[in-house]
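Heads up, the thing below is written out as C-alpha cells.
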Amino acid sequence: MIDVLYFAWVRERIGIPKEQVQTSAATVADLVDELRSREDRYAAAFEDLAALRVALDQELTDFNAPLEGVREVAFFPPMTGG
Amino acid sequence: MTVRVQENPFDFGAEAQAFATGRTDAGAVVTFTGIVRDLVQSPLHEMMIEHYPGMTERALSGIEADARTRWDLRDVLIIHRHGILRPGDMIMMVATASPHRKDAFEAAEFLMDFLKSRAPFWKKERTGEGEEWVASKSEDEYALSRW
C-alpha cells in the first residue's frame, strides 16, 4: 500500500486530499496510468502531466521515477510560494 | 537558522529586531517581506494558501542549507504563512545575516526565488467573480536559472 496525496486543484478535481492505493506500478507514470483508468475525475486531474509536479517521500522528482520502497506519493500543480 | 511555517500572523518589526540584535559576527542584515497585493481587475477578498505539511519544512530547510553553501551566512530566518490572508497581510519574510552585504542581499534573493517555485505552497484568490488558483509564472522558473 502506498499513500497518495493531492494538493490544490488536483485535490479539488479528484475530490479527496489523500488515499491509500494498492498498486504494483513500477514508476510514477505507471501509477498515473492506473489512476487515470479508474474514473473520469482521475482522468481529468491527470489530463496534462506537463501541468503537474510529483514528490516521492516529500522530495520533488519526475514521472519516470521508480516507486520501489516509496511510502508517500504527492501530486500537485507547480508551486506558488513566496 | 530558523524555518517557521505558521497560520498565525508574525510581527515583522519584532522578528527583524530580534534577528539583528546582539550580533558581532555579521555586519550586514537583509530582510524581505511579502505582502498580499490587491488585484487590479477585481478586488481581492482573500487569499487562501495551502501547503504540504512535512514537505514544506523539508523544502525550506533544503533551500536554506543550499544558500549557506553558496554565501558566507551567519544566520537565516524564513517565516511563511498558510491559511486565509487578506490584502495588506504579510505572507512571509526572510532575513539573512552575513559579514558582508553582498552575501546578505544575494542570499535573500536566492531564498525568495526558490521559495516561489520550489516550496510546496499554492495560492488561491477569492474575488467577487469567484475563486481561482494562482498559476505559476514562467519567469519564476526562469529566475532559478541565474543561480
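Any value given below was found using the heavy atoms of this structure, including those in side chains, with hydrogens, waters and symmetry copies removed. Reminder, nothing fancy here: chain letters follow the sequence lines and each chain counts from 1.
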* Step by step, would you call B:E46 with B:K124 a salt bridge (Lys or Arg N to Asp or Glu O under 4.0 Å)? -> CA-CA 8 Å; B:E46 54 189 27; B:K124 187 182 209 179; over 6 Å; no
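- Counting heavy-atom pairs closer than 4.5 Å to chain A, the top-ranked of the candidates B:A59, B:G34, B:G62, B:A119 is B:A119.
- The backbone N or O of A:G81 lies less than 3.5 Å from no partner atom in the side chain of B:H80, so there is not a single donor-acceptor pair.
- Ring planes of A:Y42 and A:Y6: perpendicular class, angle over 60° (limits at 30 and 60°).
- Looking at A:A55, the atoms closer than 4.5 Å to chain B (heavy atoms on both sides) all sit in the side chain, from C-beta outward.
- Heavy-atom pairs under 4.5 Å with chain A peak, among B:F114, B:F32, B:F121, B:Y52, at B:Y52.
- Heavy atoms closer than 4.5 Å to chain A are found nowhere in B:R81, neither backbone nor side chain.
- For residues 9-24 of chain A, the interface with chain B (any heavy-atom pair closer than 4.5 Å) comprises A:W9, A:R11, A:E12, sorted by residue number.
- A cation-pi contact, defined as under 6.0 Å to the ring centre and within 45° of the axis, links B:R23 to B:F19.
- For B:D140 (side chain) and B:K116 (main-chain N/O), no donor-acceptor pair under 3.5 Å exists by modelled atom type.
- Neither the backbone nor the side chain of B:H82 comes within contact range of chain A; no heavy atom of the residue lies under 4.5 Å from a heavy atom of that chain.
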* Asked: Hey, mind stepping through B:E106 and B:R146 against salt bridge (Lys or Arg N to Asp or Glu O under 4.0 Å) and telling me if it holds?
  -> CA-CA 11 Å; B:E106 285 186 7; B:R146 69 179 167 135; over 6 Å; no
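- At distances below 3.5 Å, not a single donor-acceptor pair connects side-chain atoms of B:R126 with backbone N or O atoms of B:E131.
- The aromatic rings of B:W71 and B:W147 sit perpendicular, their planes meeting at an angle over 60°, well past the 30° parallel limit.
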